[in-house]
Amino acid sequence: MPLNKRILTGDVISNREVAEGHFLMAVKLPFAFETPLPGQFIMLRIKGKSEPFLGRPLSVYAFQRRREKVICEVLYRVVGKGTQQFSLLKFGSTVEVLGPLGRSFTIFPSEKDVILIAGGMGIAPMTYVAGHYRGSKAGSKMKMICYTGARSMDDLVALERMEVLCKTKVSTDDGSRGYHGMVTDLFKNDFPTLNIKKTVIYACGPRPMLKALAAILEDQPVICEVSLEERMACGVGVCLGCVTAIKDDRGNKQYKRVCKEGPVFNIKDIMWD
Amino acid sequence: MPLNKRILTGDVISNREVAEGHFLMAVKLPFAFETPLPGQFIMLRIKGKSEPFLGRPLSVYAFQRRREKVICEVLYRVVGKGTQQFSLLKFGSTVEVLGPLGRSFTIFPSEKDVILIAGGMGIAPMTYVAGHYRGSKAGSKMKMICYTGARSMDDLVALERMEVLCKTKVSTDDGSRGYHGMVTDLFKNDFPTLNIKKTVIYACGPRPMLKALAAILEDQPVICEVSLEERMACGVGVCLGCVTAIKDDRGNKQYKRVCKEGPVFNIKDIMWD
Amino acid sequence: MVHLRDIKTDVKIGSLTLRNPVMPASGTFGYGEEFAEYVDYNLLGAIVVKGLSLEPRAGNPPPRIIETASGMLNAIGMENIGVQAFIKDKLPFLRQFRCAVIANIYGETVEEYCKVAEVLSGAEGVHALEVNISCPNVEKGGVAFGTDPAMVHEVTGKVKSSTNLPVIVKLSPNVTDITGIAVSAQDAGADAISLINTMTGMSVDIISRTSNLANLTGGLSGPAIKPIALRMVWEVYNKVNIPVIGIGGITTPEDAVEFMIAGASAVQIGTANLINPLATMDVLEGILTYLEVQDIADLRDLVGSLKLERPEE
Amino acid sequence: MVHLRDIKTDVKIGSLTLRNPVMPASGTFGYGEEFAEYVDYNLLGAIVVKGLSLEPRAGNPPPRIIETASGMLNAIGMENIGVQAFIKDKLPFLRQFRCAVIANIYGETVEEYCKVAEVLSGAEGVHALEVNISCPNVEKGGVAFGTDPAMVHEVTGKVKSSTNLPVIVKLSPNVTDITGIAVSAQDAGADAISLINTMTGMSVDIISRTSNLANLTGGLSGPAIKPIALRMVWEVYNKVNIPVIGIGGITTPEDAVEFMIAGASAVQIGTANLINPLATMDVLEGILTYLEVQDIADLRDLVGSLKLERPEE
Ligand SMILES: Cc1cc2nc3c(=O)[nH]c(=O)nc-3n(C[C@H](O)[C@H](O)[C@H](O)COP(=O)(O)OP(=O)(O)OC[C@H]3O[C@@H](n4cnc5c(N)ncnc54)[C@H](O)[C@@H]3O)c2cc1C
Ligand SMILES: Cc1cc2nc3c(=O)[nH]c(=O)nc-3n(C[C@H](O)[C@H](O)[C@H](O)COP(=O)(O)OP(=O)(O)OC[C@H]3O[C@@H](n4cnc5c(N)ncnc54)[C@H](O)[C@@H]3O)c2cc1C
Ligand SMILES: Cc1cc2nc3c(=O)[nH]c(=O)nc-3n(C[C@H](O)[C@H](O)[C@H](O)COP(=O)(O)O)c2cc1C
Ligand SMILES: Cc1cc2nc3c(=O)[nH]c(=O)nc-3n(C[C@H](O)[C@H](O)[C@H](O)COP(=O)(O)O)c2cc1C
Ligand code: FES
Ligand code: FES
């Protein structure tokens with residue numbers, strides 16, 4: 001058994017407020033940090049601090065490895081005391097990083113069309129998926145559309161990077177920008193025009209959004225993988241703290257760990273209530 | 001009852017390692033911060049941090065008030081997790097300061113000769129006493145000597161400022177600088193030469209040092225005030241956490257709060273065991 | 001939308017009505033003198049003073065306190081000036097304020113509890129008694145009375161007959177079943193239940209291999225114990241029909257609101273005062289803001305309003 | 001001055017000898033698979049696996065965890081794959097390591113405890129049983145068995161007769177008198193006592209006014225509870241003559257040494273693993289350094305070495 005995993009120490013090289021309450025943090029990591037797959041996350045903690053006590057899971061938003069330089073970027077919204085403390089980190093602050101963790105999205109060959117659906121901070125892993133496809137030879141010419149929604153214009157963050165990667169359609173709950181309504185409704189309008197056999201859908205966002213998406217896709221023969229969120233303690237599968245209800249082969253409820261069997265699940269396997 | 005006291009928020013404007021493990025921190029405070037008297041202390045906490053949980057008492061080492069600018073300096077040695085966290089503070093860090101607190105040294109008119117005896121970090125309040133006398137009209141020409149001792153040369157910190165203020169005699173336990181032995185022994189050698197009726201002695205240092213001093217001064221008609229240390233929680237007298245045994249009028253043991261009735265006590269009142 | 005000034009915040013404890021639910025916890029506010037320069041006592045629901053015994057007590061030798069993770073251990077040992085000196089030297093000062101004065105009382109025997117209660121009942125300016133049967137830092141009395149339902153019943157009943165002041169019984173969390181103890185106190189006539197006092201704990205210096213407290217063990221307080229306190233408030237709230245005063249780690253208004261949702265009619269702030277003398281004021285202000293924002297016109301509607309069904313996500 | 005390599009660190013638990021006193025606490029290390037890439041199990045005193053019941057258990061609905069000040073609440077609800085699947089799917093993997101494997105067991109009835117014990121006794125590679133009579137997150141069994149001395153006696157005695165493996169009884173801190181419980185376990189034949197399990201606690205979301213845990217209450221663990229655990233270890237150490245395994249908030253080597261001075265022959269690291277998968281290794285290394293620096297040649301000389309007299313200052 002190779003003992004190759006450990007908590008790595010990283011240096012914050014930037015931590016910028018990109019929109020009110022939304023931050024983009026870049027962390028310089030040791031070379032040993034493995035290249036994350038799309039949909040994977042890290043557990044982030046502030047070194048030497050007892051508050052927040054537990055690490056916080058954040059999706060990989062972007063990643064670079066150039067010679068010895070390894071940089072992982074995360075995009076996060078301040079919602080509680082952990083993210084609040086993160087937002088105070090400055091250039092040179094030391095953080096502890098565990099990862100990359102969790103099951104990634106399945107990456108398909110170039111024949112497929114890719115649909116990305118992001119709600120709120122779901123834009124973070126979706127951007128990394130798009131970047132991953134675009135960075136690969138096969139994916140560079142794939143047909144790819146991103147549907148992204150937020151409560152309001154001000155919460156629509158990091159659109160620029162996505163817009164460079166693929167066609168991006170926007171919705172806001174309050175109509176302040178793009179389609180007035182839920183992102184799933186925006187997607188639903190386009191759904192009939194898709195060649196669903198040739199399409200793969202990736203989605204990340206609040207549970208109600210994913211549930212609405214599941215309803216749209218019900219009985220449709222389309223591949224859809226979604227990334228779920230759940231409170232986490234360890235992030236590595238030992239505490240059973242982060243489970244979510246999944247259908248087993250016979251359709252019975254079974255708890256699966258979001259940090260280990262997830263965060264990416266087939267949308268058809270999820271039990272919504 | 002005027003509601004004039006509160007915790008003040010200060011900005012660290014410098015926090016420099018002056019000798020290994022010893023730091024000098026300057027904190028810029030609001031104008032409302034009262035001018036501390038010699039021997040008074042502050043309770044210092046790191047704003048927004050739950051570790052250290054309680055404030056830590058530190059003597060005022062130096063203080064300036066110029067127009068709106070109020071700066072309080074403390075000199076501290078890293079001995080545990082609180083002081084360790086203090087040592088990591090950077091320019092611009094925010095701290096919470098309660099104070100000035102406690103009973104100060106009694107200041108005498110110019111006829112008196114002043115002896116200061118400092119052990120280890122006891123140099124901090126002694127320097128502020130010296131500065132106070134020298135800054136006052138009456139005290140500027142008083143005869144003043146400081147005896148200061150430490151384990152070793154490397155622990156003799158902030159001598160420069162003291163040397164500017166008064167004649168300074170040094171001892172080290174290991175003989176690496178000055179008198180080889182305890183500072184109280186150094187003082188004891190000079191003691192017979194003093195005009196004790198005309199002398200006031202101020203001392204601060206570890207309890208065994210003060211106890212040794214008490215033995216030297218036993219039955220001597222000399223005024224000696226010492227500053228004691230005890231673990232503190234509130235620093236303001238409400239928790240009864242910081243008591244030390246003091247003789248009452250009849251010589252019976254009575255607990256007194258170091259933060260309120262002290263930290264300065266008459267050496268004759270202290271019960272040593 | 002309710003207006004701040006229209007929000008009802010009064011709390012009834014027996015015959016006593018507090019203007020609002022916020023007060024300091026005994027032992028973290030002295031006898032009220034030191035904090036008078038920090039806190040406007042007229043705004044507090046009540047002041048709870050350091051525990052009083054019949055005779056003055058010297059308390060335990062130092063060191064008496066040590067910090068722990070998000071908390072502290074204390075072993076003060078009920079140092080106090082005695083009930084007579086309190087009435088003579090401290091009470092006159094407290095009488096000038098509009099807030100209620102609650103005297104925390106302690107005895108080594110049931111008789112001592114009753115005696116202290118009697119003495120205080122005759123004093124002008126004491127509005128209620130809080131019976132501390134939960135102090136872990138003394139050899140006799142204290143927690144010994146607070147862990148046995150029969151003893152709780154006896155102490156409560158006898159104190160109750162020694163006074164016409166409202167009697168609040170303050171319970172120890174160091175028990176298997178807090179509800180049994182609370183019900184005993186209620187059955188014996190308690191007007192309210194305060195919980196929790198500190199949890200017995202220890203801390204060791206690994207170099208000298210001695211306890212960090214001269215008294216060996218001490219009482220754990222602060223945010224560390226908040227989850228335990230909250231659970232006990234909820235359990236007791238569901239078993240008694242007298243008011244519960246929630247105590248344990250309350251530092252922010254949010255903490256206080258948690259206790260109220262779990263069933264506390266009022267809250268006491270202890271260790272937080274030691275870090276921030278204005279903690280009571282900050283908590284009170286924040287509770288009011290919460291009530292306003294959540295459009296709750298009467299504090300009573302918040303008390304015990306915990307929903308057991310989780311909303312669908 | 002003792003040399004690191006000469007320091008004796010072996011710990012005897014009934015017929016079992018552990019190479020050193022450091023092991024993970026049940027439920028914070030899974031069945032050992034996930035951390036195998038982080039920790040060299042050959043260096044651990046033992047591995048303690050997630051609690052096992054006779055049949056697989058689904059556990060409680062989410063959310064199951066919430067952070068608290070210097071700690072966390074969990075309400076996993078004894079989710080586990082069941083003892084048969086453990087033996088078939090997990091044990092073979094663990095057998096390759098030199099460290100002992102301790103199976104934590106749980107039942108809803110005394111019979112279930114015995115059945116699980118029996119099944120595990122027949123399995124190759126299980127070296128001891130840790131009987132969890134202290135889980136607060138299940139409706140039946142668990143803590144109900146751990147708060148009544150008579151029940152503790154019964155469960156311990158019956159499990160003991162169902163197995164020839166050493167039996168460690170893991171106690172609940174949610175009791176008035178931990179020593180009575182511990183003595184019951186010892187009298188019934190326990191080979192060692194593990195303490196503490198989690199303290200029952202609660203946390204409320206003040207916006208939705210629901211518990212932050214679907215199960216309403218949960219078990220508090222982490223540094224917050226360390227002072228309570230340490231006190232209980234000290235109390236029990238002074239009342240029993242079987243080894244005590246100290247658990248509760250241990251995060252650093254200094255924490256572990258505190259427990260040993262207070263009487264723990266071995267220590268378990270729980271919540272700290274969730275923050276730092278290498279916590280067990282870090283603690284072990286630090287204990288050895290401490291023993292070397294303090295010139296203690298045999299760990300046994302540290303255990304229970306707390307001095308009651310304070311040195312003169
Ligand atoms: C796999 C995964 C990837 C994630 N990626 C991102 C990301 O890229 N960017 C981002 O902004 N957020 C992301 N999240 C959510 C993020 O982890 C939470 O917002 C964060 O943990 C909240 O911490 P806090 O201390 O600020 O809030 P808390 O004070 O802990 O809680 C505030 C609110 O957030 C909820 N919350 C807490 N933890 C989680 C959680 N793990 N998942 C969902 N809700 C939670 C709480 O229930 C509460 O309502 C991700 C979560 C998971 C599980
Ligand atoms: C009135 C007063 C003035 C002081 N002035 C100074 C000063 O100017 N410069 C300076 O360096 N130190 C001063 N001290 C001591 C300083 O408060 C302690 O060193 C500090 O609180 C230790 O905190 P810590 O978290 O680093 O150590 P901890 O981890 O809390 O403890 C480390 C060691 O220090 C001891 N200790 C902890 N608190 C105190 C305390 N309040 N007094 C004495 N010993 C303690 C502990 O018992 C332990 O042995 C003063 C103390 C008092 C009471
Ligand atoms: C220093 C200190 C002294 C205390 N003294 C008393 C006391 O005299 N009487 C009493 O009933 N409780 C006493 N307590 C307990 C508190 O009133 C309170 O119940 C406990 O600290 C929990 O609340 P907290 O976590 O907010 O501090 C004391 C607590 C502390 C920290
Ligand atoms: C997520 C989690 C799961 C746990 N599961 C079990 C269990 O299955 N059996 C058991 O005896 N204890 C269980 N415990 C309790 C721990 O083993 C330990 O006794 C407790 O957490 C205190 O130690 P700590 O503060 O180091 O975590 C669990 C604790 C946690 C945090
Ligand atoms: S967070 Fe611990 S198992 Fe997923
Ligand atoms: S530190 Fe609280 S009374 Fe002195």
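Both backbone and side-chain heavy atoms feed into the values below; hydrogens, waters and symmetry mates do not. Throughout, a chain's letter reflects where its sequence line sits, starting with A, and its residues are numbered from 1. What you see is a predicted model; the values in this text were computed from it and never measured.
Going from atom CD1 of D:I228 over to atom OG1 of C:T217 covers 12.5 Å, rounded to the nearest 0.5 Å. The line from CG of D:L306 to CD1 of C:I206 is 13.0 Å long, rounded to the nearest 0.5 Å.
The contact between D:T68 and chain C is made entirely by side chain atoms (from C-beta outward), counting heavy-atom distances below 4.5 Å. Residue contact with chain D, scored on non-hydrogen atoms closer than 4.5 Å, involves the side chain of C:L308 exclusively. Proximity to chain C is limited to the side chain of D:L73, based on heavy atoms less than 4.5 angstrom apart. Interface remark: D:L213 contributes backbone atoms only to the contact with chain C (heavy atom separation under 4.5 Å).
In plain terms, the two heavy atoms of D:I296 and C:R209 that are nearest each other are CD1-NH2, 3.1 Å. Across all non-hydrogen atoms, the minimal contact from D:K307 to C:S208 is NZ-O, 3.3 Å.
The residue among C:P63, C:P61, C:G71, C:G222 with the most heavy atom pairs within less than 4.5 Å of chain D is C:P63. Contact count versus chain C (heavy atoms, under 4.5 Å) is highest, among D:P173, D:A224, D:A229, for D:A224.
Chain C is approached within less than 4.5 Å, heavy atom to heavy atom, by D:Y290, D:Q294 from residues 281-295 of chain D, ordered by number. Residues of residues 247-262 of chain C lying under 4.5 angstrom from chain D, judged on non-hydrogen atoms, are C:E254, C:V257, C:E258, C:I261, C:A262 in numerical order.
Results of the side-chain hydrogen bond (donor to acceptor under 3.5 Å, both in side chains) test with D:T176 over C:T176, C:D177, C:D148 single out C:T176 as the only residue that passes. Put simply, the residue from C:L220, C:L216, C:T200 that forms a side-chain contact (heavy atoms from CB on, under 4.5 Å) with D:R231 is C:T200.
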